[in-house]
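Below is one structure; the comments refer to it alone.
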Amino acid sequence: MLTPPNNMPDKPFVIAIDGPAASGKGTLARRLAREFGYAHLDTGLTYRAVGHALLQNNLPLDDPSLAVKVAENLDLSNLDRSLLSAHEIGEAASVVAVIGGVRRALVEAQRRFATQLPGTILDGRDIGTVVCPDADVKFYVTASAGVRAGRRFEEIVNRGKQAIFDDILQDIRKRDERDQGREDSPLKPAEDAHLIDTSKMDIETAFQTAKAIIIKAKAV
Ligand code: C5P
C-alpha cells in the first residue's frame, strides 16, 4: 500500500476564496499559495477559456450544447492568464457561466484539482458554496464597486491603454448583477466564510489577515 511521505498530510488542506470582479481575491490567492506552497486555481480562467474558445471560432455564447462540449474538453493545465485576462473575454465568461451544463463540467474539473496534496487554493464565485463546501478555510473578499472600478481603470492605464472610468464602473455593476442574480450558483458569501473588505485595506493587510486565520485553522 502507498503511504504518504513523513511530513505529507493524507488529506489536502483546501482554501476557498470567493468575491466579485476586481475585489483583490486573485492577488490574495496567489500570495497565499506561494506562502503555504499550495497549488492555486483561478477558476475564473476556466469560464474565460470557454468564452474565449467560442469567440475565437465565431460561435454563439448562448448555445448550451456547444458551450458544454468546450467545457467538457477543457485542459486546466493550459490556461493562459495573459491571453484570457482581456475585458471582453471576462464578459463572455459571465455569459457562458449561466449555462448549467458548463458549470457542471467545470466544477467537476475544479473539484479534481482541489484534491492535490499538501493543499490547494481555489478562487472564484462559488468555491465556498458549491465547488468545495467542506473547504478548511473560506474567505469572501469584496470592495465597493467604485473602488473595484478604480483598480481596473488603473490596471488598463498602466498598460498604456485608454479607459473611461464610468464605462468600467457600469460593466462592473452589470457583471455583479449577472453573477449575483443567476439561478445556478449565484455569487454570495458562504455562511462560514471570513469576510475581507478591501475597500480601505491594502493587499498586504488583507494577506496578513488571511494568513493569520489559516495558521490558526491549520493548528486545530
Ligand atoms: O474572476 P473572473 O473575472 O475571471 O471571472 C469571469 C466570470 O466567470 C465571472 O464574471 C463569472 O461570471 C464567472 N465565474 C463563475 N464562477 C467562478 C469563477 C468565475 O461563474 N467560480
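The analysis underlying the following values was restricted to heavy atoms, covering all of them including side chains, and did not include hydrogens, waters or symmetry mates. As the structure is a computational prediction, the values presented were derived from the model and not from experiment. Every number for a ligand or one of its atoms is a count from 1 in the order of the listing.
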Exactly one candidate in Thr198, Val141, Thr209, Ile121 meets side chain to side chain contact (heavy atoms under 4.5 Å, CB included) with Leu28; the answer is Val141
message: I'd like to know whether CZ of Arg173 has more than 12 heavy-atom contacts from other residues, nucleotides or ligands below 6.0 angstrom.
response: no
Open item on the list: Between the side chains of Arg148 and Asp176, is the shortest nitrogen-to-carboxylate-oxygen separation below 4.0 Å, so that they form an ion pair?
Closed with: yes
If we number the atoms of ligand 1 from 1 as shown, the ones under 4.0 Å from a heavy atom of Asp126 are 16 (N), 17 (C), 21 (N)
for atom 6 (C) of ligand 1, nearest protein heavy atom and its distance come out as Arg175 NH1, 3.6 Å
Notebook entry, point to check: Would you say Glu108 has more than 12 foreign heavy atoms packed within less than 6.0 Å of its CD?
Noted result: no
Item to check | Any N/O pair Asp42/ligand 1 closer than 3.5 Å | outcome: no
Note to self: Quick test of your reading of the model: are Lys218 and Asp136 salt-bridged, counting only N-O distances below 4.0 Å?
What the structure shows: no
Which of Leu45, Leu84, Val70, Val96 passes side chain to side chain contact (heavy atoms under 4.5 Å, CB included) with His52? Answer is Leu84
closest protein heavy atom to atom 4 (O) of ligand 1 is Arg48 NE, 2.6 Å
At under 4.0 Å between heavy atoms, what of Ala97 touches ligand 1? The answer is side chain
The answer for which part of Lys25 has a heavy atom under 4.0 Å from ligand 1 is side chain
Would you check the N or O atoms of Asp123, main chain and side chain alike, for any that come under 3.5 Å of an N or O of ligand 1? no
Take Asp202 and Thr205 through the test side chain to side chain donor-acceptor pair (under 3.5 Å) and record every step on the way to the result. CA-CA 6 Å; Asp202 62 14; Thr205 312; 2.5 Å; yes
- Is Thr120 reaching over with its side chain to a backbone N or O of Ala114, donor-acceptor style, under 3.5 angstrom? yes
For a quick check under 3.5 Å, do Tyr47 and Arg125 share a side-chain donor-acceptor pair by atom type? no
Report yes if some N/O of Arg103 lies less than 3.5 Å from some N/O of ligand 1; otherwise report no. yes
Numbered in order shown, the ligand 1 atoms found under 4.0 Å of a heavy atom of Gly124 are 18 (C), 21 (N)
among protein heavy atoms, the one nearest atom 14 (N) of ligand 1 is Tyr47 CD1, 3.6 Å
min-distance protein heavy atom vs atom 1 (O) of ligand 1 -> Arg125 NH1, 2.8 Å
*Is it the case that Lys25 places NZ or CZ above or below the six-membered ring of Phe139, under 6.0 angstrom from the centre and within 45 degrees of the axis?*
no
Closest to atom 18 (C) of ligand 1 among protein heavy atoms sits Thr43 OG1, 3.5 Å
Of all protein heavy atoms, the one nearest atom 7 (C) of ligand 1 is Ala93 CB, 3.7 Å
Going by the 4.0 angstrom heavy-atom rule, the piece of Arg178 near ligand 1 is neither
Atom 11 (C) of ligand 1: closest protein heavy atom, distance to 0.1 Å, is Asp179 OD1, 3.4 Å
Contact region, Arg182 to ligand 1, non-hydrogen atoms below 4.0 Å, reads side chain
